[in-house]
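All values below come from the heavy atoms of this structure, side chains included, with hydrogens, waters and symmetry mates left out. Numbers here are sequence positions counted from 1. None of these values were measured; they are calculated from a predicted model.
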Amino acid sequence: MLAEEFVTRTGTRVTGTTQFDRLNALTRAGVLVGWSREAFDKLRRGAATMPRTTISSTRRGHSKH
């Protein structure tokens, strides 16, 4: 969602529809450089390894592993 917001606010053109496409476009446009791109990559990798939960299981205090 944050990458989408950056794309919208900066008017960056993106070819493709994935988060990867948005991050690459922002990097090429000079919006994400150095540590900021690294931070997005760490967040993306971290989100991919987090266990998935549903709203209903979270409300009950249970997570789905």
Side-chain angles (χ1 to χ4, degrees):
M1 290 200 300
L2 186 56
E4 288 180 51
E5 185 69 21
F6 275 38
V7 166
T8 301
R9 288 180 183 233
T10 62
T12 303
R13 292 184 63 114
V14 179
T15 302
T17 59
T18 67
Q19 180 80 347
F20 184 76
D21 295 329
R22 288 186 285 277
L23 292 175
N24 281 335
L26 289 165
T27 301
R28 282 191 306 274
V31 176
L32 295 180
V33 293
W35 68 268
S36 59
R37 174 62 196 249
E38 291 172 17
F40 266 98
D41 289 338
K42 283 182 183 178
L43 288 170
R44 194 168 48 87
R45 281 192 301 269
T49 61
M50 291 176 60
R52 302 290 183 218
T53 59
T54 62
I55 292 173
S56 60
S57 66
T58 323
R59 286 183 183 157
R60 291 190 305 261
H62 299 93
S63 61
K64 187 177 183 180
H65 294 265

Taking side chain to side chain contact (heavy atoms under 4.5 Å, CB included) as the test, write out the residues that go with Ala39, two or more places apart.
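By the side chain to side chain contact (heavy atoms under 4.5 Å, CB included) rule, Ala39 matches no residue at all.
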Residues two or more places apart in sequence or in another chain: which of them pass side chain to side chain contact (heavy atoms under 4.5 Å, CB included) with Val7?
Val14, Arg22, Leu26
Strictly by salt bridge (Lys or Arg N to Asp or Glu O under 4.0 Å), give each pair with a member in residues 23-36 just once, sequence neighbours left out.
none
Any salt bridge (Lys or Arg N to Asp or Glu O under 4.0 Å) pairs touching residues 8-19, not counting sequence neighbours?
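For residues 8-19, and leaving out neighbouring residues, the salt bridge (Lys or Arg N to Asp or Glu O under 4.0 Å) pairs sorted by first residue read Glu5-Arg9.
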Residues two or more places apart in sequence or in another chain: which of them pass salt bridge (charged side-chain N to carboxylate O under 4.0 Å, His left out) with Asp41?
Arg37, Arg44
CD on Glu4 to OG1 on Thr17, rounded to 0.5 Å:
10.0 Å
Roughly how far apart are Leu2 CG and Leu23 CG, rounded to 0.5 Å?
9.0 Å
Applying ring pair (Phe, Tyr, Trp, His ring centres under 6.0 Å) as the test, list every pair that has at least one member in residues 3-43; sequence neighbours left out.
Phe6-Phe40
Cluster partners of Met1, using ILVMFWY side-chain heavy atoms under 4.5 angstrom, listed by chain and number?
none
Starting from Leu43, can I reach Leu32 by hopping between I/L/V/M/F/W/Y residues whose side chains sit under 4.5 Å apart?
no
Over all atoms of both residues, closest heavy-atom pair of Ala29 and Thr12
CB-CG2, 4.0 Å
For Thr18, the side-chain hydrogen bond (donor to acceptor under 3.5 Å, both in side chains) test, sequence neighbours excluded, returns Asp21
